[in-house]
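We use all heavy atoms of the structure for the numbers below, so side chains are in, but hydrogens, waters and symmetry mates are not.
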Amino acid sequence: MDNLQPLPSAATAPEALPFQPVPAAGAPLGAPQDSRVPPRRRSRLWWITRGIAALLLAFFLLIGWLAITAPLSKSLQPISPPQITLLAADGTPIARNGAIVAAPVEIKNLPIHVPQAFIAIEDRRFYTHWGIDPRGIARAMWSNVTGGSTQGGSTITQQLAKFTFLSPERSLTRKAREMLIAFWLEAWLSKDQILERYLSNAYFGDNTYGLRAAAMHYFHRKPENLTPAQAAMLAGLMKAPSRLAPTSNYEGAQDRMRVVVQAMVEAGFLTPAQAKAIRPPRLDVRVQNELPTGTYFADWALPQARMIDEASYAPQTYRTTLDSRLQAAARRAIESSGLGSAQVALVAMRKNGEVVAMVGGTDYAKSPFNRVTQARRQPGSTFKLFVYLAALGKGWKPEDTIENTPIETGYYRPQNAGGNYSQTITLEDAFARSSNVAAVRLFQKVGDTAVIDTAHRLGVTSPMPQGDPSLALGTSTMTLMELTAAYAGVAANRFPVEPRAFPVPEEGWFDWLFDGRHSMSSSEHEGIETLLRAVVNHGTGRGAKLRAANFGKTGTSQENRDALFVGYAGDYVVGVWVGNDDNSPLKGVSGGSIPAKIWRGFMREALREGGIPAPSSKPSPNPSGPIQPLDVPDVGDIPAVLPTALPSPDVNIGDVHVGNDAATLNGQINGVPLEVKLDQKGLEINGQRLGSQPPPAPAAGATPPKGN
């Protein structure tokens with residue numbers, strides 16, 4: 001037993017003992033072993049580390065590329081006031097509108113509840129993140145994926161980067177640049193400086209930029225004196241400045257203010273008791289900051305331009321659908337119509353709703369009130385479109401007959417124009433001749449609910465009373481724009497049609513399937529076009545007849561207060577209204593007279609009927625050049641051509657300028673400037689009205705006077 005040696009323990013065994021493989025079964029001891037070792041499989045950790053390395057390399061390459069292409073140097077420059085330029089379809093600048101801005105604010109001078117309101121609703125972790133908030137992004141993604149309220153997840157720093165330094169494109173590239181600029185801003189500016197820039201340049205609706213301008217505009221109060229309620233309402237506008245502007249949507253702004261107040265409670269800025277005591281603030285708008293652009297169309301288009309990308313505050317240029325040629329054609333048709341002292345409105349659009357011409361009145365300079373979009377007038381018999389469409393939807397046919405005798409029972413007893421009646425009349429003839437008694441009887445047969453529902457489906461949003469048979473004759477008011485858009489829906493057989501100032505985005509296949517729009521059956525559409533065609537072929541609208549197939553309806557309201565013609569031909573749908581602003585009756589004007597004449601004059605030029613030549617080619621317009629309103633023709637400067645025998649060798653006539661309301665001749669006599677102006681008030685020479693004490697005649701060689 002003494003010869004036995006103890007086995008080496010784990011503690012005493014040498015660490016360098018070679019590993020001896022166990023011989024294979026049946027192999028003799030001491031036999032040589034196979035030295036080949038099978039290849040080792042790479043572990044999951046090996047793949048993870050190399051994947052992370054590849055991602056980091058790609059990330060740094062992306063950072064380098066963005067650092068070269070993103071406008072980082074611009075991100076620290078002073079922010080310029082935003083500006084919007086609207087172009088006609090051919091690139092002609094038609095309006096240029098600047099912003100209402102004021103001096104920037106300083107955080108140290110603001111009440112603490114002012115920045116707190118914006119931080120609570122826009123970026124609650126503003127003072128703790130580095131420009132990007134992963135938690136906010138994750139929360140927004142989860143809400144959007146799970147069907148909750150749509151959220152953006154952008155921090156205040158990102159919003160400043162986006163609306164100040166980047167284009168309005170929606171892409172991953174722009175988002176990456178936005179994040180990079182946000183990091184850059186965080187590195188070079190303090191948190192208070194970032195917040196000051198954000199508050200001083202954010203859009204608050206009503207064409208107002210910056211907290212100071214917004215506080216003065218809505219509450220006539222400096223931002224240093226804003227109450228918690230006022231601050232909360234202004235902070236709430238960040239979600240949708242145009243839609244929530246309290247001057248036009250106080251209820252919406254009030255609801256959003258309550259959301260901001262609750263967010264301030266959740267962030268610990270207010271106690272529940274303090275929040276409960278906050279009441280909606282009272283507006284104090286002393287001056288309406290409306291900046292007319294010079295054209296009816298541009299005034300209507302500008303709010304749409306601001307809504308294209310409300311978060312972009314750099315100067316923007318937008319190409320509209322306004323057609324310079326058609327706008328001029330509309331003016332010529334109106335001027336040659338013998339309108340007299342009445343007012344007029346015309347809107348022309350394509351079947352998809354793109355507005356190509358708009359005249360909101362006879363003189364924009366005297367009245368910028370847009371009678372296309374703002375005036376609510378009775379449509380008269382043009383409303384019968386909805387009555388007959390409802391009947392066609394219930395199975396009636398154009399050849400079906402209905403009573404055309406006087407209505408002698410009930411409280412409502414309409415009469416036919418001219419006292420023309422018959423025992424029966426076909427729907428086609430009743431529509432063409434605009435029989436009032438037939439329309440009321442048809443309205444009663446199909447029911448007011450069906451008629452109102454038809455009008456709603458075609459896009460009419462104005463209220464229409466139920467239980468009133470006079471509705472069949474168009475006694476319920478609406479705008480010319482919505483009435484014309486309803487006819488556009490009939491023309492396209494796809495409705496409702498939304499009037500637009502900017503090109504309609506191209507629809508994909510799924511958009512077309514799920515856009516919620518309606519269509520008539522082929523028999524219904526064929527039936528209504530039979531009726532509309534009969535109006536211009538042998539009915540009240542013969543004055544609008546064209547060589548090409550055209551469709552339309554006349555309308556004349558009670559006591560001839562409104563006269564209309566609405567119809568379509570080719571790809572154009574046009575509505576014309578004539579009336580007086582004081583709602584006084586027109587003398588001898590009906591829908592089939594002056595409105596139909598204006599409509600036909602415009603359409604003949606639009607479709608180039610009657611040998612009307614195509615416009616001569618012009619050089620491409622300069623989008624950055626002076627605006628050309630297009631509402632009123634302005635022939636501009638005309639070089640003056642003098643006869644060879646001049647009364648004096650010292651007479652020098654330069655040019656004649658013909659403007660909207662005056663003609664001005666400029667020149668010199670004996671070196672003295674001469675300006676002769678002829679306008680509605682009479683003749684004016686060098687600023688002196690003819691008939692008042694004339695200025696002394698200048699002596700030869702005298703020094704020209706300053707000024708005029």
Test side chain to side chain contact (heavy atoms under 4.5 Å, CB included) applied to Trp300 and Val372, Val347, Thr373, the passing residue | Thr373
Between Thr477 and Arg377, does a side chain to side chain contact (heavy atoms under 4.5 Å, CB included) hold up when you go through it step by step?
-> CA-CA 5 Å; Thr477 61; Arg377 304 293 293 247; 5.7 Å; no
Distance-minimising heavy-atom pair for Leu607 and Ala569 | CD1-CB, 3.9 Å
Residue pair Ile94 / Thr85, side-chain heavy-atom distance below 4.5 Å | no
Where Arg319 and Pro503 come nearest, the two heavy atoms and their spacing = O-CD, 3.5 Å
Over all atoms of both residues, closest heavy-atom pair of Pro93 and Leu87 | CA-CD2, 3.7 Å
Are any of the side-chain heavy atoms of Tyr572 and Met603 separated by less than 4.5 Å?
-> yes
Go through the steps for Val355 and Arg500 under the test side chain to side chain contact (heavy atoms under 4.5 Å, CB included), then give the verdict.
-> CA-CA 6 Å; Val355 175; Arg500 294 172 178 264; over 6 Å; no
Would you call Leu483 and Met478 a side-chain contact if the rule is heavy atoms closer than 4.5 Å?
-> yes
May I ask you to check whether Asn416 and Arg433 show a side-chain donor-acceptor distance below 3.5 Å?
-> no
Examine distances only and state if a side-chain atom of Arg600 and a backbone atom of Lys545 form a donor-acceptor pair shorter than 3.5 Å.
-> yes
Heavy-atom donor-acceptor pair, Asn201 side chain to Tyr209 backbone, under 3.5 Å | no
Taking only residues two or more places apart in sequence or in another chain, which ones pass salt bridge (charged side-chain N to carboxylate O under 4.0 Å, His left out) with Arg212?
-> Glu224
Exam field: side chain Ser593 to backbone Ser590, donor-acceptor pair closer than 3.5 Å | yes
Test item: Val490 and Val573 side chains (from C-beta on) under 4.5 Å apart, heavy atoms | no
Glu354 side chain vs Arg350 backbone, donor-acceptor pair below 3.5 Å | no
Backbone N/O of Asp562 and side chain of Ser557: donor-acceptor pair under 3.5 Å = yes
Derivation of the side chain to side chain contact (heavy atoms under 4.5 Å, CB included) call for Phe204 and Leu211 = CA-CA 8 Å; Phe204 288 86; Leu211 182 63; 4.1 Å; yes
Drop me the distance from Gln378's CD to Arg561's CZ, to the nearest 0.5 angstrom.
-> 8.5 Å
State the OG1-CE distance between Thr484 and Met358, to the nearest 0.5 angstrom.
-> 9.5 Å
Do side-chain atoms of Gln327 reach the backbone of Val356 as a donor and acceptor pair under 3.5 angstrom?
-> no
Can you list the residues that meet the salt bridge (charged side-chain N to carboxylate O under 4.0 Å, His left out) rule with Glu482, with sequence neighbours excluded?
-> Arg376
Would you call Thr382 and Thr554 a side-chain contact if the rule is heavy atoms closer than 4.5 Å?
-> no
Who are the salt bridge (charged side-chain N to carboxylate O under 4.0 Å, His left out) partners of Arg371, not counting sequence neighbours?
-> Asp581
Between the side chain of Asn550 and the main-chain N/O of Leu546, is any donor-acceptor distance below 3.5 Å?
-> yes
Aromatic ring pairing Tyr364/Tyr296, orientation class (parallel under 30°, perpendicular over 60°, tilted between) | perpendicular
Is Leu339 close to Val578 at the side-chain level, that is, under 4.5 Å between some pair of heavy atoms?
-> yes
Kindly say whether Gly591 contributes a backbone atom to a donor-acceptor pair with the side chain of Thr556 at under 3.5 angstrom?
-> yes
By ring pair (Phe, Tyr, Trp, His ring centres under 6.0 Å), which residues pair with Tyr218, not counting sequence neighbours?
-> none
Closest heavy-atom pair, Leu237 versus Ala253, reported as atoms and distance to 0.1 Å, is CD2-CB, 4.4 Å
Other residues, nucleotides, ligands: >12 heavy atoms within 6.0 Å of Glu251 CD | no
Can you list the residues that meet the ring pair (Phe, Tyr, Trp, His ring centres under 6.0 Å) rule with Trp599, with sequence neighbours excluded?
-> Phe565
Inter-residue atom distance Gln316.CD - Leu86.CG, 0.5 Å rounding | 11.5 Å
Smallest heavy-atom separation, Leu244 atom then Gly236 atom, equals CD1-O, 3.7 Å
Sequence neighbours excluded - side-chain hydrogen bond (donor to acceptor under 3.5 Å, both in side chains) pairs with any residue from residues 336-345 | Gln343-Thr362
Those residues at least two apart in sequence (or on a different chain) that pass ring pair (Phe, Tyr, Trp, His ring centres under 6.0 Å) with Phe602 are none
Between the side chain of Asn580 and the main-chain N/O of Ser584, is any donor-acceptor distance below 3.5 Å?
-> yes
Report the residues that fulfil side chain to side chain donor-acceptor pair (under 3.5 Å) with Asp468, sequence neighbours left out, ordered by chain and then residue number.
-> Ser470
Please report the C-alpha distance between Asp571 and Lys351 in whole Å, then the side-chain angles of each, then the deciding distance to 0.1 Å, and finally whether the side chain to side chain contact (heavy atoms under 4.5 Å, CB included) criterion is met.
-> CA-CA 6 Å; Asp571 190 41; Lys351 292 180 181 179; 3.6 Å; yes
Side-chain contact, heavy-atom cut-off 4.5 Å: Ser476 with Pro465?
-> yes
For the atom pair OG1 (Thr454) and CZ (Phe386), what is the distance rounded to the nearest 0.5 Å?
-> 9.0 Å
Do any N or O atoms from the side chain of Asn249 and from the backbone of Arg243 form a donor-acceptor pair under 3.5 angstrom?
-> yes
Counterpart residues, side chain to side chain donor-acceptor pair (under 3.5 Å), relative to Asp90 (two or more places apart) = Thr92, Ser324
Salt bridge (charged side-chain N to carboxylate O under 4.0 Å, His left out) partners of Arg332, counting only residues at least two apart | Glu605
Enter the distance from Thr295:OG1 to Asp299:CG here, rounded to the nearest 0.5 Å.
-> 6.0 Å
Does Asn436 have any side chain to side chain donor-acceptor pair (under 3.5 Å) partners at least two apart in sequence or in another chain, and if so, which?
-> Lys384
Cationic N near anionic O, under 4.0 Å, Arg282 to Asp284 | no
Closest heavy-atom pair and its distance - Pro499, Met481 = CB-SD, 3.6 Å
Would you give the length of the straight line joining atom CZ of Phe383 to atom CG of Leu473, rounded to the nearest 0.5 angstrom?
-> 10.0 Å
Apply ring pair (Phe, Tyr, Trp, His ring centres under 6.0 Å) to Phe551 and list each qualifying residue two or more places apart in sequence or on a separate chain.
-> Tyr568
Any Gln466 side-chain heavy atom under 4.5 Å of Ile452 side chain = yes
